[in-house]
Amino acid sequence: MTWTPPADHTVRHQTPWHRLLLRLRLTTRRLGGGWRIYRRNPLAMVGIGLLFFYAVMALSHPILLSSVWPKGVYDPETGYDLEWSGGNPSPPSSRHLLGTDGWGRDVLSRLLYSTRSAFVLASATSLTTGLLSVLVGALAAYYRGWIDAILGNVADALLLLPAPIFMVILGVWKGDELGAVGLGLAYGAIFGAGAAAIVMRAHALTIVVRAYIDAARAAGATGFQIISRHLVPQMLPLATVQMTIALTGAIIADGFISYFGVGTTWNRVSWGAMIYQSGFAVWGGGPPWYLIVPPSLALSLFAATFYLISRGLQDVADPRLRSR
Amino acid sequence: MIHFVLRRLLAGLITLLVFETIIFFAVQAAFPGDYVSTLRFRVNAEDLTELRRALGLDQSLVHQYLIWLRSLLTGHPPHYQSMIVGFLVRFVPASLFAFGTAAIAALFLGRRLGSAAGWRRPSVWTEGASLLAILSYASFPPALVLLLGIVLGMRQPAVAYPLDPTLPFWRASPFSPEAVLTAMLAILTASALVVSGLGSAMRRFARVGVPPLMGLISLAALVALTSHVLGLGPQAVAILRAAALPILTYMMITTGEVMVIMRASLENVLHEQYIQTARAKGLPDARIRDRHAARSALLPVASRMAVSLPYLMAGLVMVEAATGWPGMGNALFSSVTNQYMPGVLAGFLVIGGFTLLARIILDILLAHLDPRLRTPQLRQM
């Protein structure tokens, strides 16, 4: 429908540009309200703090590498310190803040570099989960009937499939081709169309029965318009909760794949690969603590970050579950 | 109620069928070659094609799927069904023994901790406890295994095979580790049934319940007695010592999740009017929390756990692989790393089947507790 200016001369600023501005203002107001609710949950604030900390970790690596750290020494994959006389692997020192691994690479540099791979995995998983769960949930809830039956059955069946295990299979058999993005997509697909879709469908069902959907239908909106303008925006808060929950599992599953030396252990620098490669550091008695503890801690805390954030997002998303 | 059970079972069967289809095609798609190609370094080319034809692997994928389905259902050709049965007999009792115990213990412990944390006003202690719970739930299982191994004083905790049948201890004993594990599972289940039966009988007739600590001690005593009488004493001790690490790790992981969910659920229940009434009646705080609030809070916890069952299974696989426990998770993982596809298919089926069984039991339990869930129309309320 073409836009025609309203006849009333007192109704000004009704151009599409002003409508967009108004919508942006409403969104920021809603986000601000959400932030106020989120702020009340101390665990969620810890999560945000940890996320900020990891972001600093990821960003600091290229900065450090281009300024303070000489590239040949601190490169995460091929670094070697020719002036180091302490032997490899070596415990933390003033030159190598977390020590060096069996091949003379700086552990801190590798730790910081792995954050990048973890964030790539996180983005891939969360985007796929969000897209698929909202799509499946909205379609199933709006159209019902046979679409709902098929999607519901597929979601139920996918619920029986542990997504981390399937990621292990993909990592073992097709790990070299896939990398972090592919693994994240696979995990997001299984979780998004399975468990997350069931939750989103239940939520969408509570939205679809509201009066304004009927009003929109009576006004002549097509299914696509109703879903995109009314259903999906209401589902987004809960979708973010599902996205962060998916992230927790994906990160742990990815660490698990690399930990056993399958998949992309040698192509990609990641925390799990660091733990795996630490097994080669000494010839008996097990690897030293500074090769195992930092990556394990980083991995566990990264997964915990997103779970903590999901608790806060849940307070924002579902008013019934809010405490006090 | 019976209609609901029948309907749920039927829906479960359909889900299982869809699941098997998805598994078959997904695993086939992910597998780099087919089964015969893993032999390509030992067998020459003509024998490879002959083998492929004999195994039916040169047919279309849909045809292979139908043959596989027929083998599962009717047992002809026999190798798929016997593989599943073998899986069930050899690996499942070990997993059930370790992780069933851990899961049930975690449920009880998590419920207690969660209701204790959710009952009080939010303070440093409650938030700290929740933070610890989340950290243990989201932590990397192999790292947790290493950490607990160090705490328990084990020297080589990761990927040790304490139940390796070729160890001299097991070679000298008249029973195999799998047989002893199955026997231990049976003893544990029977003892648990006896103790809980006695407890409910006492509650009914003697008006006094069994305190949980006494119940645990009597359970342990009964298990020890039975295994000694059956001549399994030293083997049982070896198994329990080996099982301590996977059980503790899995308990930490599951308790974390149950506690967080239980706390959120209890905080929801706190505002109900019957809690206010109970306080007005003068009931002790702990009794209101345990007898009234926690029971209502359990329902949403149970429905949430149904959705997170596959992740508990994934945790099972990770802990088993990290500790070397010979259960179904480790069998699946070894099949995956050795590219043994029939083992992978069988492992997924068994794990999926158990998840489905657990979900069906959970749904039936929930419908028993909340009659509104028995009819689909009322379920939306």
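Quick note: numbers below take in every heavy atom, side chains included, and nothing from hydrogens, waters or symmetry partners. Naming: A, B, ... by sequence-line order, numbering from 1 per chain.
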At a heavy-atom separation under 4.5 Å, does [X] approach chain A through its side chain, its backbone, both, or neither?
| X | result |
| --- | --- |
| B:Leu312 | neither |
| B:Leu17 | neither |
| B:Leu356 | both |
| B:Phe333 | side chain |
| B:Val260 | both |

Under 4.5 Å from a heavy atom of chain B, the part of [X] involved:
| X | result |
| --- | --- |
| A:Val46 | side chain |
| A:Ile245 | neither |
| A:Leu159 | both |
| A:Leu297 | neither |

Mind checking the [atom1]-[atom2] spacing from [X] to [Y]? Nearest 0.5 Å is all I need.
| X | Y | atom1 | atom2 | value |
| --- | --- | --- | --- | --- |
| A:Ile252 | B:Tyr137 | CD1 | OH | 7.5 Å |
| B:Leu147 | A:Ile292 | CG | CD1 | 11.0 Å |
| A:Ile257 | B:Thr337 | CD1 | OG1 | 12.0 Å |
| B:Ser139 | A:Leu299 | OG | CG | 9.5 Å |
| B:Ile134 | A:Phe306 | CD1 | CZ | 14.0 Å |
| A:Leu161 | B:Met313 | CG | CE | 12.5 Å |

Quick check: do [X] and [Y] have side-chain heavy atoms less than 4.5 Å from each other?
| X | Y | answer |
| --- | --- | --- |
| A:Leu158 | B:Phe19 | no |
| A:Leu301 | B:Leu135 | yes |
| B:Tyr311 | A:Pro164 | yes |

Shortest non-hydrogen contact from [X] to [Y]?
| X | Y | value |
| --- | --- | --- |
| A:Ile169 | B:Phe348 | CD1-CE1, 3.0 Å |
| B:Ala138 | A:Thr248 | CB-CG2, 3.9 Å |
| A:Val154 | B:Val18 | CA-CG1, 4.5 Å |

### Message
Is it the case that the side chain of A:Ser300 and the backbone of B:Phe140 share a donor-acceptor pair, with hydrogens and angles ignored and the cut-off at 3.5 Å?
### Response
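At least one qualifying donor-acceptor pair exists.
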### Query
Among A:Tyr307, A:Phe256, A:Phe191, which residue forms the greatest number of heavy-atom pairs with chain B at distances under 4.5 Å?
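Ranked by contacts with chain B, first place is A:Phe256.
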### Query
Do you know which of B:Thr355, B:Leu332, B:Leu131, B:Ile351 has the most heavy-atom pairs under 4.5 Å to chain A?
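Ranked by contacts with chain A, first place is B:Leu131.
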### Query
B:Ala143, B:Pro142, B:Pro141, B:Gly352: which one forms the most heavy-atom pairs within less than 4.5 Å of chain A?
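Between B:Ala143, B:Pro142, B:Pro141, B:Gly352, the count favours B:Pro142.
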### Task
May I ask you to check whether over 12 heavy atoms, not counting those of B:Gln276, lie within 6.0 Å of atom CD?
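At most 12 heavy atoms, drawn from other residues, nucleotides or ligands, come within 6.0 Å of this atom.
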### Query
For atom CZ of A:Phe52, is the number of surrounding heavy atoms from other residues, nucleotides or ligands below 6.0 Å larger than 12?
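Counting neighbours around CZ of A:Phe52, 12 or fewer heavy atoms of other residues, nucleotides or ligands fall under 6.0 Å, so no.
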